[in-house]
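Note sheet for the following structure.
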Amino acid sequence: MGISLDELQLAARNHGMPLEALRYDVTPVGLHYLLVHFDVPAVPADWRLQIAGRVGRELSLSLEELRKRPAVRRIVTMECAGNGRARLEPHVVSQPWLSEAVGTGEWGGVELGALLEEAGVLDGAVEVLFGALDRGIDGGVEQAYERSLPLADALAGEALLAYELNGAPLPPQHGFPLRLVVPGWYGMTSVKWLERITVLDRPFDGYQQAHAYRFRRSEDDEGELLTRMRPRALMVPPGVPDFMTRRRFLAPGRCLLEGRAWSGLASVAAVEVIVDGGSAWTAARLEPPADRAAWSRWTFEWDAEPGEHELACRARDEAGHTQPLEPEWNVGGYANNAVQRVPVTVR
Ligand SMILES: Nc1nc2c(c(=O)[nH]1)N[C@H]1C(S)=C(S)[C@@H](COP(=O)(O)O)O[C@H]1N2
Ligand SMILES: [Mo]
């Protein structure tokens, strides 16, 4: 496969969610996937959130002041846009995710829309920029991690400024003291270690917007911005693994397959399972999600017969988006939601 030591270095710092953790409605904190582009930054003792730009009233808020505002909690499934990258051919050099760059957190904090309303967004505003404490160099460009959201999405009432994860203060790696959480969007949108919110009167063209996180079919394709998560279903690999290959082994007979499915584009409409390829996709049982933007549990009864098999699952959402059988290659290695295949030995 040709994964380099540089990529291993990234993969050893960042980590995926072990797929057996698909069992939980809310992912325990240490099992939630982790992606840090640069370093987990040092947070100044006098940290405050600044809100400025095209607003009537600039705001500067301490964590305590934020905690005094009306609080909301949302269970949100978040997935890295690079999930599935390592399965693309030709190989795309970056964080080599297989299919585990996902997790579901119960995020607590204040509504972004309410704070922006308080600051008073002025005429001519088009986007909201989120600036973070972490800095580094990417593509030869020194930068703070920064991403923007269209104004309408920032005001929509779904996005949160979170200071809690699963009922406890945000841990350092997930953005302490404050992060943005945008339900339904790929993870890069949810800026951690937030420091500045700037309302802009023109689209943001910084590195993480104009160069990274675009779906480009070739080097000279300008590409489209990545926004919402494509549908995906994953299963808890059944049985027990072989240590090195992680191939699965299980006994013949009734086996309850289970997993989760999500889509940032619409609610999940169906999950289907197929055994040993062919065309006989069969509907799994789908449970309602714990919250609007949380993944849905699914189950499927499989009568496992002795031999070598391949299990696969796929999701479809209410807007008709589904999962391809084969990945769609792109320069950045993003949004590969090709179906998961799990080889198993029944004996
Ligand atoms: N400031 C900052 N925010 C960030 C990142 C980062 O490196 N710096 N990584 C982004 C990416 S690419 C993803 S997928 C999510 C990961 O969030 P998590 O590590 O809490 O799972 O955070 C996003 N927010
Ligand atoms: Mo990501």
Side-chain angles (χ1 to χ4, degrees), residues 16-35 71-81 83-84 97 99-113 149 153 156-168 170-171 174-175 179-192 226-236 257-272 283-300 313-319 321-323 335 337 340:
M17 181 193 73
L19 292 184
E20 58 272 32
L22 289 164
R23 292 202 178 93
Y24 306 99
D25 275 338
V26 172
T27 313
V29 172
L31 296 179
H32 193 283
Y33 87 97
L34 182 71
L35 195 293
V72 277
R73 276 191 180 178
R74 296 210 170 105
I75 302 176
V76 176
T77 296
M78 193 187 291
E79 181 185 20
C80 179
N83 203 12
W97 295 124
S99 52
E100 61 296 274
V102 64
T104 296
E106 182 174 13
W107 303 97
V110 296
E111 271 181 357
L112 171 66
L149 257 188
D153 295 293
E158 292 251 284
L160 279 188
L161 298 177
Y163 47 71
E164 272 180 15
L165 173 56
N166 297 3
L170 276 190
H174 291 296
R179 82 175 297 173
L180 178 64
V181 175
V182 184
W185 290 54
Y186 280 120
M188 72 286 171
T189 319
S190 294
V191 175
K192 305 193 268 190
L226 288 152
T227 59
R228 294 179 168 273
M229 301 180 292
R230 295 181 181 181
R232 193 197 290 275
L234 291 177
M235 74 174 80
V236 175
L257 301 176
E258 69 167 307
R260 302 273 168 173
W262 63 93
S263 167
L265 295 159
S267 311
V268 175
V271 172
E272 295 171 311
R285 206 182 134 254
L286 191 62
E287 298 178 12
D291 203 350
R292 261 176 64 85
W295 54 22
S296 300
R297 181 171 185 262
W298 60 266
T299 54
F300 183 89
C313 56
R314 71 176 180 195
R316 176 165 44 79
D317 70 22
E318 298 283 1
H321 304 102
T322 183
Q323 297 186 240
N337 67 332
Q340 176 197 21

Taking all non-hydrogen atoms of both residues, which atom of Gly16 and which atom of Trp97 are closest, and how far apart?
-> N-CZ3, 3.4 Å
Should the pair Arg316-Glu272 be classified as a salt bridge under the 4.0 Å nitrogen-to-oxygen rule?
-> no
Under the 3.5 angstrom rule, does the side chain of Asn337 hit a backbone N or O of Pro231 as a donor-acceptor pair?
-> yes
Closest contact, heavy atoms only, Val271 versus Ala233 = CG1-CB, 4.1 Å
Could you tell me which non-hydrogen atom of Leu234 sits nearest to which non-hydrogen atom of Ser99, and how far apart they are?
-> CD1-O, 3.2 Å
Salt bridge (Lys or Arg N to Asp or Glu O under 4.0 Å) evaluation trace for Arg232 with Asp317 = CA-CA 9 Å; Arg232 193 197 290 275; Asp317 70 22; over 6 Å; no
How far does CG of Leu180 sit from CG of Leu149, to the nearest 0.5 angstrom?
-> 6.0 Å
Nearest 0.5 Å please: distance from the CG atom of Leu35 over to the CE atom of Met188.
-> 11.0 Å
Arg230 versus His321: any side-chain heavy-atom pair under 4.5 Å?
-> no
Is there a side chain to side chain contact (heavy atoms under 4.5 Å, CB included) between Arg74 and Val181 once you walk through the steps?
-> CA-CA 9 Å; Arg74 296 210 170 105; Val181 175; over 6 Å; no
Measuring from Thr227:OG1 to Leu265:CG, what's the distance to the nearest 0.5 Å?
-> 7.0 Å
Can you give me every donor-acceptor pair (side chain of residues 102-109, partner residue at least two apart or in another chain, under 3.5 Å) with its distance?
unit_1: Thr104; atom_1: OG1; unit_2: Thr77; atom_2: OG1; d: 2.7
unit_1: Thr104; atom_1: OG1; unit_2: Trp295; atom_2: NE1; d: 3.4

Flag, side chain of Arg228 to backbone of Gly264, donor-acceptor distance under 3.5 Å = yes
Does any N or O in the side chain of Asn83 come within less than 3.5 Å of the main-chain N or O of Glu100, such that one atom is a donor and the other an acceptor?
-> yes
Identify the two heavy atoms, one from Pro171 and one from Val29, that lie closest to each other, and give their separation to 0.1 Å.
-> CG-CG1, 3.8 Å
Glu111 side-chain N/O to Val72 backbone N/O, donor-acceptor pair under 3.5 Å | no
Please tabulate, for side-chain N and O atoms in residues 284-292, each donor-acceptor pair with protein atoms closer than 3.5 Å (sequence neighbours left out).
unit_1: Glu287; atom_1: OE2; unit_2: Arg297; atom_2: NH1; d: 2.7
unit_1: Asp291; atom_1: OD2; unit_2: Ile75; atom_2: N; d: 2.9
unit_1: Arg292; atom_1: NE; unit_2: Glu158; atom_2: OE2; d: 3.2

Can you tell me how far CE of Met17 sits from OG1 of Thr27, rounded to the nearest 0.5 angstrom?
-> 5.5 Å
List the steps, then state whether side chain to side chain contact (heavy atoms under 4.5 Å, CB included) holds for Trp298 with Val268.
-> CA-CA 11 Å; Trp298 60 266; Val268 175; over 6 Å; no
Which distance, rounded to the nearest 0.5 Å, do you find between the NE2 of His174 and the CG of Leu34?
-> 5.5 Å
Going from CG on Leu165 to CZ on Arg73, what distance comes out if it is rounded to the nearest 0.5 angstrom?
-> 10.5 Å
Glu79 and Tyr33 have their tightest heavy-atom pair at C-OH, 3.5 Å
Would you sort out whether Gln340 and Leu19 count as a side chain to side chain contact (heavy atoms under 4.5 Å, CB included), showing the intermediate values?
-> CA-CA 11 Å; Gln340 176 197 21; Leu19 292 184; 3.6 Å; yes
